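Below: one structure, written as C-alpha cells.
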Amino acid sequence: MSRSSSTTTPTWPQFERKVDEVKPSKTDINNLVMDYLVTNGYPAAAQKFAIEANIQIQTDLQSIEERVEIRTAIHTGNIQTAIERINESNPHILDENPSLHFALLRLQLVELIRTCTATPDGDISPALEFATSQLAPRAPTNPQFLEDLESTLALLIFPSDNLTPSLASLLNPSLRKDIATQVNEAILQSQGASKEARLRNLVKLRAFAEIKAREAKKDIPDKLDIGLVNDTLESNDAIYRTDTIMVNNGDVDPTMS
C-alpha cells in the first residue's frame with residue numbers, strides 16, 4: 001500500500017502498522033494468483049506461473065482451453081460456434097439455464113442485425129427469420145425475454161447512428177464481454193468450481209469493508225490505496241486493473257477478460 005495525501009492524518013502511522021502486521025504467506029499469495037489465472041481462463045499464464053512458483057495446476061488444462069475457445073468465440077461475435085462448444089462441453093448447461101440461453105440467442109440476433117444493417121440496402125430477412133424461429137417461441141415464457149426481444153428488433157428500425165443509449169448498448173462490445181463472463185461462470189459452476197476467482201472476491205470484500213468502516217465513522221485515513229496502483233480505486237476498477245496487471249502472457253487481450 002503506497003502512501004497518499006492522507007499520510008498527514010494523525011491516525012496513519014497506527015493504521016499502517018496494523019496493515020503491516022498482516023503478513024500473508026507466499027504460498028497463499030501464489031495460490032490466489034493461480035486460482036485467478038485458472039478461473040478466468042489463462043492457461044499459458046497459468047503454466048508459466050506454475051513453473052516460476054513451483055506449484056501444481058489443480059485443474060485440467062484442456063478444460064481451461066475449452067473455456068478460452070468459447071470466450072474467444074463470443075468476443076468475436078461467433079455466437080453459434082460458442083453455443084456449439086458449450087453444448088459439447090456440457091449439454092445440460094443451457095438446458096438448465098434458460099436465461100443464459102436466451103441471452104446468447106439474443107446476442108446472436110444482435111450480431112445478425114449488425115451484419116444485415118452494415119449497408120443501407122442490407123437484407124434483414126436472416127435476422128427476422130432467426131428471431132422468429134429461435135427467440136419468439138421463448139419470449140412468452142418470461143416477460144423480460146419479451147422485452148429484450150422487442151428492444152433488439154428495434155435495431156432494425158432505427159439507424160445505428162441515431163440510437164437511444166439503451167439500444168446503442170446492444171451494439172457495444174461490452175455486451176459480448178458480459179455474456180462471455182456469464183458463460184464462463186456457468187461452466188465453472190457445472191464443473192463444481194467457484195464461478196469467481198477468490199482474488200476478485202477479496203477485492204470486493206476490501207472495498208465493502210472500507211465503505212462500512214466509513215459509514216461507522218471509524219478512524220481511518222481519508223484515502224486508502226487498493227495496493228495495486230498509486231491511486232484509490234473502486235472495486236470494479238480495481239478488478240479491471242488486476243486483470244491488466246496480472247495477465248500479460250499472450251492468452252487473450254487482458255482488456256477483454
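By convention here, the first residue in the shown sequence is residue 1. Since the model is a prediction, treat every value here as computed from it, not as a measurement.
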Before you tell me yes or no, could you show the steps for K204 and E196 under side chain to side chain contact (heavy atoms under 4.5 Å, CB included), namely the whole-Å CA-CA distance, both residues' side-chain angles and the distance that decides it to 0.1 Å?
CA-CA 11 Å; K204 290 179 179 179; E196 188 172 58; 2.8 Å; yes
So, N184 side chain and A180 main chain: donor-acceptor pair closer than 3.5 Å or not?
no
Could you go step by step and tell me if E84 and N87 meet the side chain to side chain contact (heavy atoms under 4.5 Å, CB included) rule?
CA-CA 5 Å; E84 292 172 358; N87 287 331; 5.8 Å; no
Could you tell me whether E210 and R214 make a salt bridge, using a distance below 4.0 angstrom between a side-chain N and a carboxylate O?
yes
Examine distances only and state if a side-chain atom of R67 and a backbone atom of I187 form a donor-acceptor pair shorter than 3.5 Å.
no
Looking only at side chains, do S166 and T164 share a donor and an acceptor under 3.5 Å apart?
yes
Short question: side chain of T115, backbone of E111 - any donor-acceptor pair under 3.5 Å?
yes
Would you say the side-chain atoms of R176 pair up with the backbone N or O of I79, donor to acceptor, closer than 3.5 Å?
no
List the atom pairs, with distances to 0.1 Å, where a side-chain N or O of residues 99-107 and a protein N or O form a donor-acceptor pair under 3.5 Å, not counting sequence neighbours.
unit_1	atom_1	unit_2	atom_2	d
R106	NE	D148	O	3.4
R106	NE	T152	OG1	2.8
R106	NH2	S151	OG	3.1

Between I179 and L175, is there a side-chain heavy-atom distance shorter than 4.5 Å?
yes
Do T72 side-chain atoms and E69 backbone N/O form a donor-acceptor pair below 3.5 Å?
no
Which distance, rounded to the nearest 0.5 Å, do you find between the CZ of R198 and the OG1 of T39?
8.0 Å
Kindly confirm or rule out a cation-pi arrangement of R71 over Y42, judged by NZ or CZ under 6.0 Å from the six-membered ring centre and within 45° of its axis?
yes
List the residues meeting side chain to side chain contact (heavy atoms under 4.5 Å, CB included) with P98, not counting sequence neighbours, and say none if there are none.
none
Look at the side chain of D35 and the backbone N and O of A197, then say whether any donor-acceptor pair between them is shorter than 3.5 Å.
no
Carefully, step by step, assess I51 and K48 under the rule side chain to side chain contact (heavy atoms under 4.5 Å, CB included).
CA-CA 5 Å; I51 295 173; K48 292 178 181 179; 5.9 Å; no
